[in-house]
Amino acid sequence: MTGKSLSGATTVAVAGILVAFLVAAGCVGGQPSDSSGSQQITVTGSTTVLPIAEKAREAFEESHASAGIMVSGGGSSVGIKAVGEGTADIGMTSRDLKPEEAAGYPGIVRHHVADDAILLIVHPGNTVDRLTLDEVRGIYNGTCTNWNQVGGPDTQIVVVGRDSASGTREFFSEYVLESEDFVKTQEEFNSNGGIQQKVSRTPGAIGYVGLGYTEGVKALALDVDGTAVEPTLEKIKSKHYPISRPLYMLTNGEPDGLARQYLDFIMSGEGQEIVASVDYIPVQG
Amino acid sequence: MKKEQAAPVPFRGFGRFRRPEAGIDPSSAGATRQLVDKIVGKLLFLVALFAIITVFFIIVFLLRDGYQIVLETGVWSFLTGPDWNPAGYNPAYGALPLIVGTVLVTALAMVIAVPLSIGTAIYIAEIAGPRTREVIKPAVELLAGIPSVVYGFFGLILLTDWIRIAFDQPSGSSWLAGSILLAIMAIPTITSVAEDAIGSVPREFREGSLALGATHWQTIRMVVVPGALSGIGAAIILGMGRAIGETMAVLMVTGNAAVIPDPITDVFSPVRTLTGTLGIEMGEVAFGSLHYHALFGVAVVLLVITLVVNSAARLIVSRMQGTARPGPHRALTAVASRITHAASAPFGRVVPPRTSQRGAFLLMSLSVAIVLAALGVILAEIVVNGAGAITWEFLTGTPSDLGREGGIFPAIAGTLYLVGGALAIALPLGIATAVYLIEYTGDGPLTRSIRAAVDLLNGTPSIVFGLFGFAFLVLFMGFGVSMIAGQITLGLMILPTIIRTTEESLRSIPGSLREGSYALGATKWQTISRVVLPPALPGILTGAILSIGRAAGETAPIMFTAVIFSSRHLPSSLTEPVMALPYHLFILTTSVPGASAQKFGTAFVLLLLVLSIYLAAILVRRRYNHAKVM
């Protein structure tokens, strides 16, 4: 039973299994291309843009019963990669393409569907109502560690931010921090909701989030040349509130078929109302 | 996960041998049977190699995307670099704070979990009456069944707040929070393996000790625990393996700041673990960037650490099975006797045996109480807040408004699809591998390497499976984010559990049954399929059920491979992504504001699903344990 010579059999077997493994996987892997002709598209990428895509899908499928739109998250990089490689029909991104991405996928077309602002949020019990950009920078680069340095109570500041792969963090870093490093004790979360929950439960915390995440927290006004600018829709739209960025949907080449209809729907009046209803800034009308 | 469920079952299969074709033997039919036998043997051998191949593929695909970071920074500065700042102006890829974070969180978790688990294990095995045992043992095992994202959810909502207020800290997200959570998660593993070890100390030892006039506690302390020490050591290391590989719970409570606590004993400092780094950064990292490769480098480091821990466990277990008692074992025994001695003589003077017994039993009851309280608090929090959200519409509807309204039916169905597919892949492979290992070979180098591969798979963190599934299935094979990719990933993850439980189950079938079958002229395959497998089925079933529970509750392996945020339809083909309960809960908790009721409702449904699966496993085992007695 145990004395069998296995060396020859082993080699053959390993080779055989490897081939079987790859062939089997290859067969299944070949399937997605078969279904591309049907009325089905996939939308993937930034979790920031996702609420727009999702709500728009719900409304769009009301009127187009046969259409199947599948929306998934994953992050801006996933969206860019997926649309560039052709594994998704529409990508979503909350940042612009990096030079290497633009070079790698020259066919990508950007569709500017909405604008987003980044809010600075604190615990509702915090007495601070406004900060200058310099103060925000001081808090995030670690030179300012107590709320009494910016006119608040004598409480240690708990700095909360996004993970280092996040598009939101990258934008915040470039715009506010002017590419200085974040303070190393910054607590990191991989979502806007995580930051919002953390800040709503921690009296000394400050965080940055997208527009919709204000439940249980207080959004700070920014002090621009001595006047406090509240992050209201009008102020953001008129660019008085300084920290805002565009949100894109991406297609590989000009869209056609269902992808075209879906994008047109988002850019229509009804679609832009949806954009506003999920707390982003419409770009049309 | 559990070893002892492989209860021998009375043999009921004699009737099957009276069939004519097994007795009188026309030579052509005999030749066919011989041929079938040969082919089956070869096939099983091929399948058994699958575990080795999987391990090989995991290592190859992690290295394939991870080696670039080492080329860029050098091995040494990657491992010992003090800064992890991939998005900085001057990107820094130093994994040291992450490694230190993992070590610290795991170490403190063990400091909390080990005394509690061993106290509980001794209580269950030695002190509790049969009634109490029947309640406590399943309760501890239910702790193992709670999905890790539910733990994280609990930690985020209750634990960090409690730490912030109770210790008057600015923030509760900390090393301590991560360690407490990991301790609760490691307790069931340590307790059940340690309890097995204590239970396997021969009864005669206890009787001898008691007959010499020793008290119950003296017997436990001087005879039972030293006798079970190697098993307890293995239990601790297995629990440690679970703690190191945990992702979803840890990343929700540790704060994820990549710093080394200053001073190093500051348990309230935020820390970041290797797994947490993968969990929060993998989703959005730019493909092919240095950061992406650095994350795969982190995964390799994580794999190596778990490999070391698991090899240590293997070594200890093999020591335990051998008769030799080498140096390390003696040292361990000495340490254990010092500790128990100190426990029973707290002021340097030996207190009367009765008093020390009372004190020791009190401490053990206390540890049981703490463990049960932890279970109670978690269950109560979720049941109280979640039961209200359960309506017919919630269970059968589809989500709308980002999950704030509507139901979670596609997520329930998706979880069942994923688990069903994983089982369809892992069950045949696992059973075939186990049959080959037990019935076809002895203890050769090949068998040993297959077993080592299975152990390695068993210790591989679920997030590493997720990364492998992403790199291999989603990208390399071009499956995309799809149900099939998730099913295969989950299938690989539960494969070792199925192999191990099936092996245990087959081992418990007495050799005389096989010999009887051969003596009647049956071939090897006839013997296996008609004599050995039927009575081993209950054990295999328990293994399968336990794996279902694990697969249903996992988030990390599917979040990069199979899941979708929201879907109105059920998937119509294997290449479409699906919704899944654990991921839905993760997203509702971290990314959707104002979905509190749905959040608790989803947690409740997930908990109910996984716990009822575990309960089924416990019932199956109990039923067959009773059968054994009768």
Side-chain angles (χ1 to χ4, degrees), chain A residues 1-2 6 13-14 16-18 21 25 28-29 31-32 35 47 50-51 54 58 61 68 70-78 81 87 98 101 155-156 158 163-167 169-170 173 179-181 184-194 196-198 201-202 204-205 212-213 215, chain B residues 45-46 49-50 53 85-89 156 160-161 164 170-173 251 255-259 270 272 279-287 291 400-402 440-442 444 446 473 477-481 484 563-569 573-577 587 589-594:
Chain A
M1 208 184 291
T2 53
L6 289 168
V14 171
I17 284 254
L18 284 179
F21 198 77
V28 188
Q31 281 175 16
S35 59
T47 47
L50 192 136
E54 181 60 27
E58 282 172 22
E61 286 182 341
M70 283 182 296
V71 180
S72 61
S76 298
S77 304
V78 173
K81 165 93 175 174
T87 53
K98 291 182 180 172
E101 287 168 333
T155 316
Q156 194 186 327
V158 177
D163 58 279
S164 50
S166 154
R169 166 162 160 159
E170 196 168 301
S173 164
S179 298
E180 274 184 90
D181 279 341
K184 278 171 78 179
T185 51
Q186 163 177 259
E187 292 189 16
E188 295 185 10
F189 289 80
N190 64 343
S191 62
N192 283 323
Q196 174 227 339
Q197 285 190 3
K198 174 74 197 172
R201 287 165 181 278
T202 313
Y213 297 85
E215 188 184 300
Chain B
F45 167 69
L46 291 183
L49 290 176
F50 190 80
I53 293 163
N85 186 11
Y89 189 63
L156 191 70
T160 54
D161 242 18
R164 181 178 63 78
S171 168
S173 302
L251 80 83
N256 297 313
V259 289
R272 177 193 278 223
I280 68 170
E281 292 185 2
M282 194 56 210
E284 288 204 66
V285 68
F287 290 88
H291 186 186
S400 60
D401 194 14
L402 302 175
Y440 279 83
T441 58
L446 183 71
L473 300 168
M477 304 299 287
F479 286 9
V481 172
I484 182 80
V563 284
I564 188 177
F565 180 76
S566 167
S567 164
R568 195 176 56 167
H569 309 283
S573 88
L574 287 175
T575 55
E576 286 177 26
I587 289 294
T589 310
T590 58
S591 302
V592 180

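Within every chain, numbering begins at 1; the chains are lettered A, B, ... in the order of the sequence lines, protein sequences first and strands thereafter. Reckoned from all heavy atoms, side chains included, excluding hydrogens, waters and symmetry mates.
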Return the option, out of [options], with the maximum number of heavy-atom pairs under 4.5 Å with chain B.
options	value
A:Glu180, A:Gln196, A:Met70	A:Met70
A:Glu215, A:Glu54, A:Arg201	A:Arg201
A:Gly194, A:Ser164, A:Gly193	A:Ser164

Exercise for review: Sort A:Gln186 into side chain, backbone, both or neither according to what part of it lies under 4.5 angstrom from a heavy atom of chain B.
Suggested key: backbone
Point to revise | With sequence neighbours excluded, residues passing salt bridge (charged side-chain N to carboxylate O under 4.0 Å, His left out) with A:Glu187 | key: A:Lys198
Practice item. List in chain and number order the residues that pass salt bridge (charged side-chain N to carboxylate O under 4.0 Å, His left out) with A:Glu101, two or more places apart in sequence or in another chain; answer none if no residue qualifies. Key: A:Arg95
Point to revise | Heavy-atom pairs under 4.5 Å with chain A, option from B:Gly255, B:Ala258, B:Pro577 with the top count | key: B:Gly255
Review point. Do you know which of B:Pro270, B:Pro86, B:Ser171, B:Gly279 has the most heavy-atom pairs with chain A at a distance under 4.5 angstrom?
Key: B:Ser171
**Study point:** A:Asn190 side, atom CG; B:Ile280 side, atom CD1 - distance, nearest 0.5 Å
**Key:** 6.0 Å
**Study point:** Distance-only side-chain donor-acceptor flag, A:Asp181 / B:Asn85, under 3.5 Å
**Key:** yes
